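Below is one structure, written out as structure tokens; the observations come after it.
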Amino acid sequence: MPTYRAPRGTRDLLPDDRAVFDRLMRLAADLAHRYGYRPIETPLFEQAAVFERGIGEVTDVVEKELFRIAPRSEEAESWALRPEPTAGIVRAYVQHGMQTWPQPVKLTTTGPMFRYDRPQAGRYRQFWQFDVEAIGDAGPAIDAEIIELGYRFYMEAGVEGVEVLVNSIGDPACRPAYVAQLTEYYRGHADRLPPTERDRLERNVLRLLDSKDPAMAELNAAAPRITDRLCEACAAHFESVKAHLAGVGLAFRVEPALVRGLDYYTRTAFEFYVAGREGQQQALGGGGRYDGLVALLGGKPTPGIGFGLGLDRVALVLAEQGHVAPPEVAPLAVVVGADPDDTVTRFRVATTLRAARLRVRADLARRKLGRQLEAAGKDGAHFAVIIGDELAAGDVQVRDLQAGTQRTVPLDDLARELARAEASHHHG
RNA sequence: GUGGCCUUAGCUCAAUUGGCAGAGCAUCGGAUUGUGGCUCCGAAGGUCACGGGUUCGAGCCCCGUAGGCCACCCCA
């Protein structure tokens, strides 16, 4: 029983896990770059008010999941670890006057987020998101670009069975009326609401729509739909988003029950979902438009849209779908020696090869040659450089561990020979 | 935050109605001392998650705690 362990809901990404994340993060960076989004890095923590104001005081994320940092006595600031990246990025947009940059400002970041949830498979207190934001463009085309970018991430990552769900949740012009109507509808059927659902009626009516309670199915099917109650501007925007998606052949499903957990969303909401897996962590990512957020955080009224994709869940689903981690890049050569104690020479030869920019491991453990070669084989190294008595004549043995062949090479030619072998290996 | 199931070596798992904690893999070492993969031999590795209780005796029964998982809640 270890004395110390990783905190609840966190985990260590061991080299094999980290290799998967590396690949995903490289793909994320490459895709964002391809689409013209520039990397940004904001702090892992912010003034708590950034999240309280931005995300909404009465959301679950702020009410019960925010990782608050106890303020030091001499400081008034109340801080919290970021539960999502958008609020911090928008804060940076306002702070640095990005409204004077060419609009829209297209930004991306990938990193850990923190939520004080009860952990489960695919649900962690520290989790990684690939995030993309376009701030300063109200048009529907950018919505489609972002949705398509997110979908492409899953495709290029190799995730199978990703579905794209889209909806419009209206704006301040039409949503209040819809919410009122929906509240009235459910109140009229209050006697049919399970107790837990009755609580949500007053807190967040929209949440009733995506209830998993079977008792709600019939009631929800007959509930008024936001897509039927959008104002003219929102309806036109939504139609255009769908037309843009159809224009690039991207399959999507309109899901009227798709609502978002954070207050700042307006109009377009979307989610990437993978069906048919064990467990309920089927939402791989999601996002939406947040036309009110910049103003909420002290900037001029500025539209924005973005998404966050959960890398932990992508890694989980990839593993479930049978995708294995890419093999670690094995060293080109391992320097071994007949004299177990002569680590000086092994270290020196390896250093020379590394200076020639070759990927070389030195076996510095004091074990006999057979064990050194065994370890080199397990490493997957292509060559073993064997140092023995030939060194007196300025030679070493170079053994091809895959072919089982071996030949004498002058130490002076070693780097050149290995470099040539590596080049021909890569091109052959 | 609610309920349920689970926790034995680094990993995957055994252990009779309560009666001396084991295997495979991995690790390290050996097989007449300068050659890996195969094979054989050996070693190390455990507070049976942690803390109490019952009992002559607890990995096994009871209570609590922690962690994991599942369903909620929520979301990525």
Side-chain angles (χ1 to χ4, degrees), chain A residues 1-11 14 16 55 59-65 82-86 110-131 150 154 194-197 199-200 203-204 207 210-214 258-262 271-274 278-287 307-317 334 336-340 342 363 365-391 396-406:
Chain A
M1 167 75 339
T3 309
Y4 300 109
R5 48 162 58 166
R8 184 175 199 196
T10 72
R11 64 210 172 117
L14 304 183
D16 281 349
I55 296 169
T59 56
D60 278 15
V61 167
V62 165
E63 269 188 346
K64 30 185 257 199
E65 297 172 5
R82 63 183 187 187
E84 53 84 51
T86 307
T110 299
M113 308 296 154
F114 305 86
R115 289 185 199 176
Y116 195 78
D117 263 8
R118 185 148 165 183
Q120 253 176 55
R123 194 173 79 177
Y124 303 100
R125 289 181 173 182
Q126 177 178 345
F127 58 99
W128 274 259
Q129 274 193 3
F130 164 38
D131 180 76
Y154 297 113
T196 58
E197 305 298 332
D199 296 339
R200 301 164 88 184
R203 272 177 52 87
N204 194 341
R207 287 253 151 260
D210 63 355
S211 169
K212 290 174 194 143
D213 194 324
L258 173 62
V259 294
R260 307 263 68 206
L262 314 182
E271 199 159 275
F272 301 103
Y273 180 89
V274 59
E278 287 296 311
Q280 289 299 302
Q281 265 55 257
Q282 296 173 332
L284 295 187
F307 67 58
L309 311 188
L311 298 188
D312 306 79
R313 289 183 183 179
V314 172
L316 182 67
V317 170
V334 176
V336 302
D339 177 1
D342 185 12
D363 196 319
R366 301 183 172 205
R367 50 190 167 186
K368 65 182 207 173
L369 183 58
R371 295 290 181 195
Q372 294 182 53
L373 284 166
E374 188 182 347
K378 282 177 187 164
D379 257 14
H382 195 157
F383 297 102
V385 174
I386 305 170
I387 295 163
D389 296 337
E390 306 89 337
L391 190 64
V396 294
Q397 299 286 323
V398 174
R399 180 174 181 80
D400 186 322
L401 291 166
Q402 283 147 34
T405 58
Q406 186 169 323

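A note on names: the letters A, B, ... follow the listed sequences, proteins ahead of strands, and every chain is numbered from 1. Every value quoted in this text rests on a predicted model; they were computed, and no experiment measured them.
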Seminar exercise, completed: Here the pair of heavy atoms bringing A:Pro112 nearest to A:Gln126 is CB-NE2, 3.5 Å
Seminar exercise, completed: Rounded to whole Å, the OH-P distance (A:Tyr116 to B:G1) equals 6 Å
For this session: Assign A:Asp339 to base, sugar-phosphate, or nothing according to its heavy-atom contacts below 4.0 angstrom with the strands shown.
Result: nothing
Exercise. Would you say the side-chain atoms of A:Gln397 and A:Glu390 include a donor-acceptor pair closer than 3.5 Å?
Worked result: yes
Exercise. Side chain of A:Pro119: nearest nucleotide among B:G68, B:U2, B:G34?
Worked result: B:G68
For this session: Pick the C1' atom in B:U39 and in B:G57, then give their distance to the nearest Å.
Result: 44 Å
For this session: Starting at atom NZ of A:Lys64, determine the distance to atom P of B:C72, rounded to an integer number of angstrom.
Result: 14 Å
Exercise. Looking at A:Arg8, does any N or O in its side chain come under 4.0 Å of the phosphate oxygens OP1/OP2 on B:G67?
Worked result: yes
Exercise. Among B:C73, B:C75, B:C28, which nucleotide sits nearest the side chain of A:Arg123?
Worked result: B:C73
Problem set entry | side chain to side chain contact (heavy atoms under 4.5 Å, CB included) assessment of A:Asp312 paired with A:Arg11 | CA-CA 11 Å; A:Asp312 306 79; A:Arg11 64 210 172 117; 2.6 Å; yes
For this session: When you get a sec, tell me which of B:G30, B:C75, B:G34 is the closest nucleotide to the side chain of A:Lys368?
Result: B:G30
Exercise. Looking only at atom types and distance, does a side-chain atom of A:Arg115 sit under 3.5 Å from a main-chain N or O of A:Pro83, one as donor and one as acceptor?
Worked result: yes
For this session: Look at the side chain of A:Gln120 and decide which nucleotide, out of B:A76, B:C72, B:G34, has an atom nearest to it.
Result: B:C72
Exercise. Whole Å only: how far is the CZ atom of A:Arg118 from the P atom of B:C69?
Worked result: 11 Å
Seminar exercise, completed: Annotated structure of RNA chain B as dot-bracket, pair cut-off 3.5 Å, Watson-Crick or G-U only, | for inter-strand, is (((((((..((((.....[..)))).(((((.......))))).....(((((..]....))))))))))))....
Problem set entry | Same-atom distance (C1') from B:U32 to B:C41, integer angstrom | 16 Å
For this session: Specify the closest pair of heavy atoms between A:Val334 and A:Ala381, including all atoms of both residues, with the distance to one decimal.
Result: CG2-CB, 3.6 Å
For this session: Determine the interatomic distance between C1' on B:C63 and the same-named atom on B:G29; round to the nearest Å.
Result: 46 Å
Exercise. Mapping A:Gln397 and A:Arg366 onto RNA chain B by nearest heavy atom, which one lands closer to the 5' end?
Worked result: A:Arg366
For this session: For A:Phe272, answer base if it contacts any base atom (sugar-phosphate contacts may also be present), sugar-phosphate if it contacts only those atoms, and nothing otherwise; contact means non-hydrogen atoms under 4.0 Å.
Result: nothing
Exercise. What integer number of Å spans the C1' atoms of B:A49 and B:C6?
Worked result: 12 Å
Problem set entry | From CA spacing to verdict: side chain to side chain contact (heavy atoms under 4.5 Å, CB included), A:Ile55, A:Glu84 | CA-CA 9 Å; A:Ile55 296 169; A:Glu84 53 84 51; 3.7 Å; yes
Problem set entry | C1' spacing across the pair B:A23 / B:G30, given as an integer number of angstrom | 22 Å
Exercise. Out of B:G29, B:A76, B:A66, which nucleotide sits closest to the side chain of A:Arg367?
Worked result: B:G29
For this session: Do nucleotides 36-43 of chain B as a string where each nucleotide becomes B, S or -: B if the base has a protein heavy atom under 4.0 Å, S if just the sugar-phosphate does, - if no protein is that close.
Result: BB------
For this session: Would you name the heavy atoms of A:Glu271 and A:Leu258 that are closest together and state the gap between them?
Result: OE1-CD1, 3.6 Å
Seminar exercise, completed: Atom CG of A:Asp363 and atom C1' of B:U35 are separated, to the nearest Å, by 13 Å
Problem set entry | Closest heavy-atom pair and its distance - A:Leu316, A:Ala121 | CD2-C, 4.4 Å
Seminar exercise, completed: Shortest non-hydrogen pair, A:Lys368 vs A:Pro340, comes out as CA-CG, 3.9 Å
For this session: On RNA chain B, check which nucleotide each of A:Pro7 and A:Leu309 is closest to and give me the residue with the more 5' one.
Result: A:Pro7
Seminar exercise, completed: Applying salt bridge (charged side-chain N to carboxylate O under 4.0 Å, His left out) to A:Arg366 and not counting sequence neighbours gives A:Asp341
Exercise. Considering only the P atoms, how many Å lie between B:A21 and B:U16, rounded to the nearest integer?
Worked result: 13 Å
Problem set entry | Between B:C74 (P) and A:Phe114 (CZ): distance, integer Å | 24 Å
For this session: Look at all strands and tell whether A:Gln406 reaches a base, only sugar-phosphate, or nothing, counting heavy atoms closer than 4.0 Å.
Result: base
Problem set entry | Inter-nucleotide C1' distance (B:A76, B:U2), Å rounded | 22 Å
Problem set entry | Spacing of the P atoms in B:C20 and B:G59 (rounded, Å) | 10 Å
Exercise. Under 4.0 angstrom, heavy atoms only, what part of the nucleic acid is A:Gly9 near: base, sugar-phosphate, or nothing?
Worked result: sugar-phosphate
Exercise. Which is true for A:Glu390 with a 4.0 Å heavy-atom rule: it touches a base, it touches only sugar-phosphate, or it touches nothing?
Worked result: base
